[in-house]
Amino acid sequence: MDVAVVEKAPEIYRKSIVWDSHSCMPIKANQDLSAVERHRRAGATFVSLNVGMDFNPLAQCIRVIAGFRDWIARNSDRYLLAGTVEDVKRAKREGKLAIAFDLEGSAMLEDDLTMLGLFRDLGVRQIHLAYNLNNSIASGCHDQDRGLTALGRAVVKEINRVGMLMDCSHTGRKTSLEIMEVSSKPVIFSHSNPLALREHVRNITDEQIDKCAGTGGVIGICGIGPFLGNNDIRTETVIRHIDYVAQRVGAQHIGLGLDYVFHPEIDDLPAHESPDKWWPRALGYGGTGGAMQIVPPEQLPEIAAGLVQRGYADADIAGILGGNFIRAAEQTWIG
């Protein structure tokens, strides 16, 4: 760990399990994950890494998972592959970073429910059903929202059965509400912010926040600048979004999902795909007056300090930092 950074953090940060529910490495076979050491050095305990999006075919996702698993195994002195909540707690005790995987979309299932159990066994512990655009299972937030398909309803039930977190980030609003109606387990937004504070189609309405909390779920406040404000990643802005959700549904339904993009210089979009199709510049994905800003893992201790200064109780801070996602995982994950 970066002793200088962590020692400056409040005691509650040093004591807590710190859970980042979504960050991104390049979706490439045999990718070097060394940069994720930034999470460990910042005092994080757990991070979920993306291993596939709706534009990544099944074969590519499997190769990415194989490479990520191999790298973690070869660096077991600092990292471990987390399949259970106990693995995450062990990582905290041993000063390691626990890593699990997530899928952004469901096209890589190829409409086959049995793929969910396989992905679970390979380390995927979180999945949402559509990445910005529609597919055969669900609707994305940048597309015409037609809701869940019949297959989509079956997929939600199978996700509950095999034991993964059901995630609604990037999903159409109507679709997300239908997912929450179908799911028998807590539903999360791994990296989404309140629309009331920042008008953006990727942000979520009060109704979505309320329904998520009603499932026992968690809203992970996202670190993407255009979703927080006008490319604004200041800690005070992050805490403003935390405050809004806390005042609406309680601190027990808040977490953190930075969506930090390691190696943005690496282009991992398939050659036949257009960036503007998935991330329209008109919606701020290109940034304002420069590159899109994202809250980095090194800012996590500062966020904790800001919550202390804001007067949050230690129990609420511990929940926001990671305890709330642990609770959802305990009710959801099957090792």
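Numbering starts at 1 and runs along the sequence shown. What's counted below: heavy atoms across the whole structure, side chains too, no hydrogens, waters or symmetry copies.
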K.L.:
Got a sec, which residues hit salt bridge (Lys or Arg N to Asp or Glu O under 4.0 Å) with E207, two or more places apart in sequence or on another chain?
P.N.:
none
K.L.:
Pairing donors with acceptors under 3.5 angstrom, does anything connect the side chains of S48 and R125?
P.N.:
no
K.L.:
How long is the gap from CG on L269 to CE on M53, to the nearest 0.5 Å?
P.N.:
9.0 Å
K.L.:
Just jot down the ring-ring contact (aromatic ring centres under 6.0 Å, His included) partners of F262, sequence neighbours excluded, or say none.
P.N.:
H39, Y260
K.L.:
Does anything in residues 132-183 pair up under ring-ring contact (aromatic ring centres under 6.0 Å, His included), and if so which pairs, sequence neighbours excluded?
P.N.:
H128-H170, Y131-H170, H142-Y285, H170-H191
K.L.:
V245 vs I209, test: side-chain contact (heavy atoms from CB on, under 4.5 Å). Steps then yes/no.
P.N.:
CA-CA 8 Å; V245 179; I209 292 170; 4.3 Å; yes
K.L.:
Just to verify, what does R90 make a salt bridge (Lys or Arg N to Asp or Glu O under 4.0 Å) with, not counting sequence neighbours?
P.N.:
D87, E94
K.L.:
Hey, are D145 and R173 close enough for a salt bridge, meaning a charged N less than 4.0 Å from a carboxylate O?
P.N.:
no
K.L.:
Ignoring hydrogens and geometry, is there a side-chain-to-backbone donor-acceptor pair from T332 to A328 under 3.5 Å?
P.N.:
yes
K.L.:
Answer yes if I242 and V308 sit in the same cluster of Ile, Leu, Val, Met, Phe, Trp and Tyr residues linked by side chain heavy atoms under 4.5 Å apart, and no otherwise.
P.N.:
yes
K.L.:
Between F55 and W279, is the gap from one ring center to the other below 6.0 Å?
P.N.:
yes
K.L.:
What is the distance from atom CD1 of I188 to atom CZ of F325, rounded to the nearest 0.5 Å?
P.N.:
4.5 Å
K.L.:
Assess whether side-chain contact (heavy atoms from CB on, under 4.5 Å) is satisfied between F68 and Q31, documenting all intermediate values.
P.N.:
CA-CA 7 Å; F68 281 21; Q31 172 64 40; 3.8 Å; yes
K.L.:
Quick one: salt bridge (Lys or Arg N to Asp or Glu O under 4.0 Å) partners of R38, sequence neighbours excluded?
P.N.:
E298
K.L.:
Testing the basics here: between T237 and L228, what is the closest heavy-atom pair and its distance to 0.1 Å?
P.N.:
CG2-O, 3.6 Å
K.L.:
Tell me whether T149 contacts the main-chain N or O of I137 through its side chain, where contact means a donor paired with an acceptor under 3.5 Å.
P.N.:
yes
K.L.:
For residues 150-158, please give each side-chain donor-acceptor pair under 3.5 Å, one per line with the distance, not counting sequence neighbours.
P.N.:
from	atom 1	to	atom 2	distance (Å)
E158	OE1	R161	NE	3.0
E158	OE2	R161	NE	3.4
E158	OE2	R161	NH2	2.8

